[in-house]
Amino acid sequence: MEIKNALDAILPSLLGMLVVFIMLALIMGVIYIISAIFRPKKQELIEESYEAAPAELAPGSAGGVMLYDTPDRAAAMIMAIVADKMKKPLNQLRFISIKRVK
C-alpha cells in the first residue's frame, strides 16, 4: 500500500519537473530568437564606429567612441571615472558607445 502512495507522489513530481524544463527551453528559444533579430543592428553600429574612427590611431588608443546625446566633456569625465574605479589605465579600456539616459 505504501509503494502505491509513493508512486502516486512521484508521478506528479516528475510531470511538474518536465513542465518546468520545457518552459525553460521555450524561454531560452525566445531569447535566442530575439537576440538574433537585434544582433545585426548592433554589429552595424560597431562597424560604423570603426569607419568613423581616423585611419591612424594615436599610440595607445583603442579606437572611436559613439556618443549619443552626450557632450565630449561629459564623455571624457565618464571614461576617466570608469578607469579610476577599475584601477586601469585609460588606454587599456575600450569604450564602444556612451549614451545619455533621460
Under the side chain to side chain contact (heavy atoms under 4.5 Å, CB included) rule, collect the residues that match up with [X], sequence neighbours excluded.
X: A80; value: none
X: I10; value: L14
X: I22; value: L18, L26

Report yes if the side chains of M86 and V82 come closer than 4.5 Å at any heavy-atom pair, otherwise no.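 Yes, at least one pair of side-chain atoms sits under 4.5 Å.
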Pairs meeting criterion salt bridge (Lys or Arg N to Asp or Glu O under 4.0 Å) with involvement of residues 16-38, two or more places apart: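 Checked against salt bridge (Lys or Arg N to Asp or Glu O under 4.0 Å) - neighbours excluded - no pair reaches residues 16-38.
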Can you tell me which residue pairs pass the salt bridge (Lys or Arg N to Asp or Glu O under 4.0 Å) test with a partner in residues 5-22, sequence neighbours excluded?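 Residue pairs with at least one partner in residues 5-22: K4-D8.
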Output side-chain donor-acceptor pairs under 3.5 Å for residues 65-79, partner residues at least two apart or in another chain, one line each.
unit_1	atom_1	unit_2	atom_2	d
T70	OG1	Y68	O	3.0
T70	OG1	R100	N	3.4

Residues that, via side-chain heavy atoms closer than 4.5 angstrom, fall in one hydrophobic cluster with I27: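 ILVMFWY cluster around I27 also holds I31.
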Hey, what else clusters with V101 if you join Ile, Leu, Val, Met, Phe, Trp, Tyr whenever side-chain heavy atoms sit under 4.5 Å?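 Same cluster as V101: nobody, lone residue.
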List the steps and the verdict of side-chain contact (heavy atoms from CB on, under 4.5 Å) for L93 and F95. CA-CA 6 Å; L93 300 176; F95 293 90; 3.9 Å; yes
